[in-house]
Colleague: 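The following block contains the structure, expressed as structure tokens.
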Amino acid sequence: MTTVKLPDGSLKEFDSKVSVKDVAKSIGSRLAKDALWGEIDLQPVELDYEIPQGEPVNLKIITKKDPNALATMRHSCAHVMARAVMRIKPGVQLAFGPTIDGGFYYDVECDEPLTEEDFPAIEKEMAKIIALDEPFERLDRPRADAIQVCKDLKQDFKVEHIETGLADDDSLSFYQQGEFLDLCRGPHIPSPRRIGAFKLLSIAGAYWKGDQSREQLQRLYATAFFTQAELDAHLELLEEAKKRDHRVLGKRLGLFHIDEMVGQGLVLWTPKGSFVRQKLQDFISEHLQRQGYDQVFTPHIGKLDLYKTSGHFPYYQDSQYTPLVDREYLSQLAEEGCTCGELSNLMNEGEIEGYLLKPMNCPHHIRLFASEQRSYRDLPIRLSEFGTVYRWEQSGEIGGLTRVRGFTQDDAHLFVTQEQLGEELIGCIELVKIIFGAMGMEDYTVRVGLRDPDSSKYVGDPENWDLAEQACREAAQTLGKDFSEDPGEAAFYGPKIDFVVKDCIGRKWQLGTVQVDYNLPERFGLEYIGSDNKPHRPIMIHRAPFGSMERFIGVLIEHFAGSFPLWLAPEQGRILTVSDKSEEYGKRVESQMRDAGIRVKGDYRSEKLGAKIRDGQLEMIPYMMIVGPRDAENGTVSIRDRIDGDLGAIPVEEAIAKFQSEVADKTVRSKSS
RNA sequence: GCUGCUGUAGCUCAGUGGUAGAGCGCGUCCUUGGUAAGGACGAGGUCAUGGGUUCAAAUCCCAUCAGCAGCUCCA
């Protein structure tokens with residue numbers, strides 16, 4: 001008698017000996033077909049494994065649909081990869097080898113570094129190991145033995161990990177496959193036969209335990225699927241995603257340029273890119289005006305004293321451009337025989353005079369607030385500015401539009417009373433909602449950053465923190481979207497709400513942010529006169545719904561795959577003449593459209609129509625207006641839609657009205673309208 | 001900043017020690033064609049920069065700058 005207990009608690013009894021596959025068959029033919037392997041008391045077993053008779057056993061039949069099935073297989077594949085590397089490069093030290101979204105990696109340390117040229121050899125060795133079909137066997141060892149095992153294997157990282165990271169574990173598990181033995185929590189697939197198709201993807205540096213001061217290892221990225229077809233589809237997807245990369249599209253569509261001679265991370269906006277940016281600024285300005293914001297302008301530099309007061313200098317010097325040292329002060333130092341080293345020391349101590357390229361806009365706005373006496377009747381005061389800031393980002397971090405050294409925040413600072421805080425936060429969230437909604441961006445996550453109760457890095461009164469954190473939670477709730485609460489993610493001066501999106505290759509970027517600040521009003525001694533005729537301290541809210549124009553547009557290019565909605569498109573329509581005979585009519589339509597406020601250009605080259613259309617499609621022109629003798633005769637244009645193709649001939653006035661209404665509605669169109 | 005890879009025509013890339021290549025784009029001419037590439041000819045390169053090795057370097061070595069992937073960082 002064989003008795004199995006299934007995950008839903010039901011019992012199944014069999015008179016004779018049965019295999020896992022037999023059980024699956026008894027449940028359903030579909031399940032039998034989809035079954036990959038079984039799990040008996042959490043131990044993976046092959047489908048032909050004969051279930052022991054007697055006592056009931058817990059059996060789970062694993063299929064592709066099981067959320068952990070793919071990850072388990074990939075992790076086993078990571079072991080195979082590590083084993084292959086060790087065979088090829090003796091003396092390899094292994095670190096961690098987890099699964100990640102889309103694949104897995106293994107961190108290793110080799111005497112002589114691995115390169116992509118080693119990939120074919122590693123893949124070949126992996127194929128050999130899989131063909132051997134040796135099972136992954138679990139071994140449990142008491143702590144002391146486990147350390148000795150790792151020492152015998154000369155795996156120093158594993159020894160360290162048991163001694164520190166796994167200090168509380170009394171017993172540790174290993175998995176063995178052939179000569180390969182690795183400290184591992186498991187689980188694994190019953191045999192490597194389940195690894196359908198795999199591929200090594202890339203190699204990169206990574207620090208041991210993510211610590212910059214520790215050893216730098218080599219991280220081998222790879223992926224695996226149950227079938228070759230799935231792997232191919234995945235690789236295809238990666239290729240497709242690359243074509244949407246804003247750096248590729250930005251170049252192809254001529255939206256921006258980053259010039260070596262100008263400087264790393266400094267964006268030059270072309271006329272087309274500038275147009276998009278300006279449209280976005282106009283859009284947000286309109287909503288700011290509706291929400292009662294006041295627009296201000298402030299300079300790009302400020303005295304070092306300003307930043308000494310704000311606390312940003314000299315403490316965050318590493319992420320700022322070098323200060324512009326005051327001319328008189330510099331010559332005075334020179335007369336005193338100050339050396340470069342001494343100047344550098346003065347800088348580190350903040351003991352110099354001069355100006356700083358502004359790394360943020362808040363101090364300027366704060367000084368505007370402080371420039372007049374404020375009454376509680378004036379509050380809230382909302383100062384907004386498309387303020388350009390400069391930060392000395394690490395060179396390895398810079399790239400495209402998403403991480404740059406000079407960028408323009410759609411910034412604003414709100415000076416509010418404690419009572420106004422909640423409502424103003426909701427107003428900020430509302431703005432973010434409007435923007436994301438207008439762009440059709442649904443795929444973003446919301447993160448409420450709270451203080452870590454165990455940390456001392458936070459400034460201000462804990463009671464105020466509680467109030468502000470609660471206000472942030474309540475504001476985030478008005479989004480009608482799930483959000484995470486992350487203790488320790490708050491700024492040192494207050495809690496915040498961040499909006500995060502992913503780029504075309506899955507990297508996460510923070511766009512909009514709303515932050516509560518008790519610190520700067522304190523440091524600058526800001527006050528307003530309350531109804532009690534006594535001075536009170538306002539609270540500040542920093543907020544930027546786009547985050548920065550650069551990063552937002554970078555993400556937006558990828559979101560639209562370069563096809564901007566009509567209201568944002570630099571060139572909304574293009575007149576294509578069928579032949580030179582229609583040039584005059586084409587030019588007449590062109591100027592008629594332009595007079596109506598439509599951004600059009602004419603393609604009057606003596607190319608064939610097909611070639612002009614192809615060019616227009618590749619340039620992502622929303623509408624092409626084909627004009628030939630028939631159109632000239634009837635006063636029409638034959639519209640070709642970027643998405644839906646040929647729409648037939650319509651009168652010019654009708655086309656204008658169609659475009660105008662699509663612009664007015666800020667319609668976001670996807671594959672089909 | 002760190003590790004690895006890369007840098008050749010406006011763009012995408014081939015060229016691995018012996019006279020610099022292709023496709024696209026660009027220019028001129030021919031062609032006047034109704035919904036994704038018509039044809040011919042032509043111009044265009046200190047092979048990122050600076051050193052070194054060599055009879056000889058785009059090619060090998062070193063440094064610098066820049067780009068890419070990842071790590072670290074992002075007040």
Side-chain angles (χ1 to χ4, degrees), chain A residues 100 105 107 109-110 113-118 201-221 242 245 247-248 251-252 254 257-265 307 310-313 315-320 359-360 362 389 391-400 402-405 407 457 491-493 496 505 507 509-510 513 515 517 519-520 542 547-548 551 576-583 604-619 624-631 637-642 644-649:
Chain A
I100 50 171
Y105 66 76
D107 284 349
E109 191 181 52
C110 297
L114 290 166
T115 71
E116 291 192 14
E117 283 169 23
D118 297 315
L201 298 175
S202 64
I203 197 161
Y207 300 106
W208 168 236
K209 299 218 164 178
D211 183 345
Q212 205 172 354
S213 65
R214 297 294 308 267
E215 297 86 337
Q216 187 157 24
L217 314 166
Q218 287 195 295
R219 180 165 296 176
L220 259 113
Y221 284 91
K242 271 190 203 154
D245 190 315
R247 291 164 297 191
V248 175
K251 186 171 268 183
R252 188 154 78 70
H257 169 67
I258 295 167
D259 194 277
E260 223 178 283
M261 202 181 250
V262 173
Q264 210 186 358
Y307 300 101
S310 73
H312 291 103
F313 188 83
Y315 304 105
Y316 295 108
Q317 243 193 109
D318 288 349
S319 48
Q320 290 159 185
M360 79 294 300
C362 5
V389 298
R391 298 181 187 180
W392 190 257
E393 304 289 356
Q394 296 187 93
S395 63
E397 268 307 331
I398 294 169
T402 40
R403 192 83 180 258
V404 291
R405 279 186 174 158
F407 56 97
K457 75 168 184 175
F492 71 92
Y493 49 74
K496 58 179 185 168
I505 52 175
R507 287 180 292 211
W509 297 101
Q510 180 196 309
T513 181
Q515 312 186 351
D517 185 354
N519 177 50
L520 284 175
H542 308 248
S548 80
R551 182 176 290 179
L576 311 185
T577 46
V578 171
S579 75
D580 291 353
K581 295 188 191 102
S582 307
E583 183 166 343
Y604 306 119
R605 294 173 302 164
S606 20
E607 288 291 341
K608 291 179 84 168
L609 183 59
K612 294 187 190 184
I613 287 173
R614 182 181 146 83
D615 290 345
Q617 284 292 138
L618 292 176
E619 285 178 60
M624 283 180 261
M625 284 151 290
I626 290 138
V627 294
R630 293 205 296 268
D631 297 290
V637 289
S638 299
I639 297 195
R640 188 191 159 93
D641 185 297
R642 176 184 57 196
D644 293 335
D646 191 359
L647 299 183

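All of these numbers come straight from a predicted model, not from anything done at the bench. In the text below, chain A, chain B and the rest are named by the order of the sequence lines, each starting its count at 1.
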Colleague: For rG21(B), which nucleotide in any strand shown is its Watson-Crick or wobble partner with both distances under 3.5 Å?
Modeller: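 Across any shown strand, rG21(B) pairs with rC13(B).
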Colleague: Just how far is it from atom CG of D644(A) to atom CD1 of I639(A), taken to the nearest 0.5 Å?
Modeller: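 Atom-to-atom, D644(A):CG and I639(A):CD1 are 11.5 Å apart.
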Colleague: How many angstroms lie between atom CD of E607(A) and atom CG of L576(A), to the nearest 0.5 angstrom?
Modeller: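 Going from the CD atom of E607(A) to the CG atom of L576(A) covers 12.0 Å.
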Colleague: In the structure shown, which nucleotide is the Watson-Crick or G-U wobble counterpart of rC68(B), with both distances under 3.5 Å?
Modeller: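 In the structure as shown, rC68(B) has rG4(B) as its Watson-Crick or wobble partner.
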Colleague: Distance check, P atoms only: rA36(B) and rG10(B), in whole angstrom units.
Modeller: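 Those two atoms are separated by 32 Å.
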Colleague: Indicate, with a heavy-atom threshold strictly under 4.0 Å, whether Y105(A) touches base, sugar-phosphate, or nothing.
Modeller: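 Nothing, no heavy atom under 4.0 Å.
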Colleague: Test for a donor-acceptor pair under 3.5 Å between the base of rG1(B) and the side chain of Y207(A), counting only N and O atoms.
Modeller: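 Such a pair is found, so the answer is yes.
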Colleague: Identify which nucleotide among rG70(B), rC5(B), rA66(B) has an atom closest to any side-chain atom of Y221(A), counting heavy atoms from C-beta outward.
Modeller: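 Out of rG70(B), rC5(B), rA66(B), the nucleotide with an atom closest to Y221(A)'s side chain is rG70(B).
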Colleague: Considering only atom C1', compute the distance from rU54(B) to rG39(B) and round it to an integer number of Å.
Modeller: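 Result for the C1' pair: 48 Å, nearest Å.
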Colleague: Ignoring hydrogens and geometry beyond distance, is the side chain of R403(A) in donor-acceptor contact with the base of rC73(B) at under 3.5 Å?
Modeller: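 Side chain to base: pair found, below 3.5 Å.
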Colleague: Of the nucleotides rA75(B), rA37(B), rG70(B), which has the atom closest to the R614(A) side chain?
Modeller: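 From the listed options, rA37(B) comes nearest.
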Colleague: Roughly how far apart, to the nearest Å, are rC13(B) and rU8(B) at atom P?
Modeller: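 One P to the other, the span is 9 Å.
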Colleague: Given rG1(B), rG4(B), rA75(B), which nucleotide is nearest the side-chain atoms of S395(A)?
Modeller: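 When the side chain of S395(A) is considered, rG1(B) is the closest of rG1(B), rG4(B), rA75(B).
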Colleague: Would you indicate what L647(A) reaches in the nucleic acid, counting non-hydrogen atoms under 4.0 angstrom: base, sugar-phosphate, or nothing?
Modeller: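 Nothing, no nucleic acid heavy atom in range.
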Colleague: When you measure from the side chain of I203(A), which nucleotide among rA75(B), rG4(B), rG38(B) comes out closest?
Modeller: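 So the side chain of I203(A) is nearest to rG4(B).
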Colleague: Checking side-chain contact (heavy atoms from CB on, under 4.5 Å) between P359(A) and each of F313(A), W392(A), Y307(A), Y316(A), which is the one that passes?
Modeller: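 Of F313(A), W392(A), Y307(A), Y316(A), side-chain contact (heavy atoms from CB on, under 4.5 Å) with P359(A) is met by Y307(A) alone.
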Colleague: Roughly how far apart, to the nearest Å, are rU19(B) and rU46(B) at atom C1'?
Modeller: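 Pairwise C1' distance, rU19(B) against rU46(B), rounds to 16 Å.
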Colleague: Once you round it to whole Å, what is the distance between C1' of rC5(B) and CG of L201(A)?
Modeller: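 Those two atoms, CG and C1', are 15 Å apart.
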Colleague: Kindly point out which of rA69(B), rA75(B), rU35(B) is positioned nearest to the side chain of R247(A)?
Modeller: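 Per side-chain heavy atoms of R247(A), the pick is rA69(B).
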Colleague: Calculate the interatomic distance between Q317(A) atom CD and rC74(B) atom C1'; express it in whole Å.
Modeller: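 Interatomic distance, CD of Q317(A) to C1' of rC74(B): 17 Å.
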Colleague: Provide the distance between the two P atoms, one in rA58(B) and one in rG21(B), to the nearest whole Å.
Modeller: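 The same atom, P, in both gives a distance of 14 Å.
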Colleague: In this structure, how many angstroms lie between the P atom of rU35(B) and the CE atom of M624(A), rounded?
Modeller: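 Rounded to whole Å, this separation is 13 Å.
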Colleague: Say we look at rU16(B) and rC61(B): how far apart would their C1' atoms be, to the nearest angstrom?
Modeller: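 To the nearest whole Å, 15 Å.
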Colleague: Select from E117(A) and G648(A) the residue whose nearest nucleotide in RNA chain B is closer to the 5' end of that strand.
Modeller: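 This one resolves to E117(A).
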Colleague: Find which nucleotide of RNA chain B each of G610(A) and D245(A) is nearest to by heavy atoms, and output the residue with the more 5' nucleotide.
Modeller: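 Its nearest nucleotide lies further toward 5', so the answer is G610(A).
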Colleague: Compare all side-chain heavy atoms of R630(A) with those of S582(A) and state whether any distance is below 4.5 angstrom.
Modeller: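 No. Closest side-chain heavy atoms not under 4.5 Å.
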Colleague: What nitrogen or oxygen pairs link the protein and nucleotides 28-34 of chain B at under 3.5 Å?
Modeller:
from    : atom 1 : to      : atom 2 : distance (Å)
rU31(B) : O4     : S606(A) : OG     : 3.2
rU32(B) : O2'    : K581(A) : NZ     : 2.7
rU32(B) : O2     : D580(A) : N      : 2.7
rU32(B) : N3     : D580(A) : OD2    : 2.7
rU32(B) : O4     : D580(A) : OD2    : 2.5
rG33(B) : N7     : V578(A) : O      : 2.4
rG33(B) : O6     : D580(A) : N      : 3.4
rG34(B) : O6     : P629(A) : N      : 3.1
rG34(B) : O6     : R630(A) : N      : 2.7
rG34(B) : N1     : D631(A) : OD2    : 2.7
rG34(B) : N2     : D631(A) : OD2    : 3.0
rG34(B) : N2     : S638(A) : OG     : 2.5

Colleague: Look at the side chain of Q320(A) and decide which nucleotide, out of rG1(B), rA75(B), rA36(B), has an atom nearest to it.
Modeller: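 Closest nucleotide among those given: rA75(B).
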Colleague: Taking any heavy-atom pair under 4.0 Å as a contact, classify G616(A): base, sugar-phosphate, or nothing.
Modeller: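 It contacts nothing in the nucleic acid.
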Colleague: Should rA37(B) form a Watson-Crick or G-U wobble pair with both distances under 3.5 Å, which nucleotide is its partner?
Modeller: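 Partner of rA37(B): none.
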Colleague: Does the side chain of L520(A) reach to within under 4.5 Å of the side chain of C362(A), using non-hydrogen atoms?
Modeller: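 L520(A) vs C362(A): side chains touch.
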Colleague: Quantified in whole Å, what is the P atom distance between nucleotide rC71(B) and nucleotide rC62(B)?
Modeller: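 About 27 Å, rounded to a whole number of Å.
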Colleague: Could I get a table of every N or O pair under 3.5 Å where one atom is in the protein and the other is in nucleotides 7-11 of chain B?
Modeller:
none

Colleague: With heavy atoms under 4.0 Å as the rule, sort R642(A) into base, sugar-phosphate or nothing.
Modeller: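 Nothing, no heavy atom under 4.0 Å.
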Colleague: Would you mind pulling out the nucleotide paired to rA43(B), Watson-Crick or G-U wobble, both distances under 3.5 Å?
Modeller: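 With both distances under 3.5 Å required, rA43(B) matches none.
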Colleague: Under a 3.5 Å cut-off for both distances, is rG50(B) Watson-Crick or wobble paired, and to whom?
Modeller: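 Base-paired to rC62(B).
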Colleague: Applying the Watson-Crick and G-U wobble criteria at under 3.5 Å, what pairs with rC73(B)? Answer none if nothing qualifies.
Modeller: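 Pair assignment: rC73(B) / none.
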Colleague: Hey, does Y221(A) have a side-chain heavy atom less than 4.5 Å from the side chain of I203(A)?
Modeller: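 Not in contact.
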Colleague: Hey, are the side chains of V404(A) and R551(A) touching, using non-hydrogen atoms and a 4.5 Å cut-off?
Modeller: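 Not touching, per the 4.5 Å side-chain cut-off.
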Colleague: Determine the interatomic distance between P on rG25(B) and the same-named atom on rA40(B); round to the nearest Å.
Modeller: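 The same atom, P, in both gives a distance of 13 Å.
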